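Since the structure comes first, as structure tokens, the remarks are kept for the end.
Here the structure is a predicted model, which is why all the values come from computation and not from measurement.
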Amino acid sequence: MDEQTPERSTHGVGPWPGGRAAWPEGEQYDPELLEHGDTRNVIDRYRYWRMEAIVAELDTHRHPFHVAIENWQHDMNIGSIVRSANAFLADTVHIIGRRRWNKRGAMVTDRYQHVVHHEDIETFAAWAVGEGMPIVAVDNVAGSVPVDRAELPERCVLLFGQEGPGLSAEALAAASAHIEITQYGSTRSINASAAAAVIMYEWCRRYAD
């Protein structure tokens, strides 16, 4: 940060110091944010940037993994998964099933993350085949390989199910690999959004710069 940039704040930053005469040049900057401050939950690099400019810049270096989520019961975890997908710079999030999903957990990160919809597993699987994208199902079903020992392709789509029922039989059948997260306590499963974050982090641990 240069000496004119406001100090980091967990609640954002105020107007650009020095007024209009000191504003930085560049089409990425939003005059409204420069004048009134930027309270968005973005990293310092993107302070005062227009939303469209942030998305365009992220698009230049998104990771080659995608995330997919079944949405048959309006799962409350989807928003949190979208937020994690943004944090780990996933290429795209795919919502399978119901088009509407609870965005509260996304904390507006869906504005920076590409999100597409598929009517059902069949159309989603057809998309994946067309893209040459292997589907990796994440669920603790018989035959699943612990992620720390599993092959995790660099270019793939990570498929998650819903809290409770997990992935549908159709989703499991569409996947070319089944992986799980090793657990050490008494519960059978962990929160779906937590599981998604663990798997995305593992992908980044292996492949991200």
Side-chain angles (χ1 to χ4, degrees), residues 55 58-59 62-141 144-147 150 152-181 183 187-205 207-208:
V55 174
L58 291 175
D59 284 347
R62 290 189 189 275
H63 293 139
F65 76 89
H66 294 231
V67 174
I69 317 146
E70 287 195 284
N71 183 33
W72 311 121
Q73 300 175 354
H74 204 55
D75 196 327
M76 298 287 288
N77 288 289
I78 291 177
S80 296
I81 294 174
V82 170
R83 184 177 183 181
S84 293
N86 170 264
F88 294 114
L89 202 58
D91 185 290
T92 302
V93 174
H94 302 260
I95 308 294
I96 306 167
R98 296 180 57 171
R99 183 177 295 275
R100 292 176 60 85
W101 54 280
N102 192 313
K103 296 184 178 181
R104 181 174 298 179
M107 300 292 287
V108 307
T109 55
D110 54 299
R111 299 179 184 178
Y112 307 94
Q113 178 65 53
H114 298 302
V115 180
V116 300
H117 175 256
H118 303 270
E119 293 291 338
D120 50 35
I121 288 293
E122 184 178 3
T123 55
F124 164 71
W127 166 83
V129 170
E131 294 293 321
M133 186 82 64
I135 298 172
V136 178
V138 182
D139 203 348
N140 55 350
V141 295
S144 289
V145 180
V147 66
L152 193 61
E154 183 174 9
R155 187 171 181 269
C156 66
V157 53
L158 304 169
L159 176 58
F160 300 92
Q162 299 196 135
E163 194 76 19
L167 286 166
S168 66
E170 292 80 7
L172 291 169
S176 58
H178 299 159
I179 64 175
E180 64 181 4
I181 299 168
Q183 298 170 206
T187 187
R188 179 186 177 278
S189 63
I190 61 176
N191 177 272
S193 60
V198 169
I199 299 297
M200 284 186 260
Y201 175 80
E202 174 61 16
W203 186 100
C204 289
R205 189 188 68 80
Y207 297 113

Between His117 and Asn71: side-chain donor-acceptor atoms closer than 3.5 Å: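 Checked: His117/Asn71 side chains show no N/O donor-acceptor pair below 3.5 Å.
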Candidates Arg99, Lys103, Arg98 - the one meeting side-chain contact (heavy atoms from CB on, under 4.5 Å) with Trp101: Lys103
Would a distance-only check, ignoring hydrogens and angles, find a side-chain to backbone donor-acceptor pair under 3.5 Å from [X] to [Y]?
| X | Y | answer |
| --- | --- | --- |
| Glu70 | Ala171 | no |
| Asp139 | Gly166 | no |
| Glu119 | Thr123 | no |

Over 12 non-hydrogen atoms of neighbours within 6.0 angstrom of CZ in Arg104: no
Gln183, CD: over 12 other non-hydrogen atoms inside 6.0 angstrom: yes
Restricting to non-hydrogen atoms, name the atom on [X] and the atom on [Y] that form the minimum distance, rounded to 0.1 Å.
| X | Y | answer |
| --- | --- | --- |
| Val67 | Phe65 | CG2-CE1, 3.8 Å |
| Gly132 | Arg155 | O-NH1, 3.2 Å |
| Phe124 | Ile135 | CE2-CD1, 3.6 Å |

Answer yes or no: is there a side-chain heavy-atom contact under 4.5 Å between [X] and [Y]?
| X | Y | value |
| --- | --- | --- |
| Ile199 | Phe160 | yes |
| Arg62 | Gln113 | yes |
| Leu158 | Leu152 | yes |
| Pro64 | Trp203 | yes |

Partner residues of Glu180 under the side chain to side chain contact (heavy atoms under 4.5 Å, CB included) criterion, sequence neighbours left out: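 Checked Glu180 against side chain to side chain contact (heavy atoms under 4.5 Å, CB included); matches are Asn140, Ser144, Pro146.
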I'd like a table of donor-acceptor pairs (distance under 3.5 Å, sequence neighbours excluded) in which one partner is a side-chain atom from residues 78-96, with atom names and distances.
residue, atom, partner, partner atom, Å
Ser84, OG, Ser80, O, 3.3
His94, ND1, His118, NE2, 2.9
His94, NE2, His66, ND1, 2.9

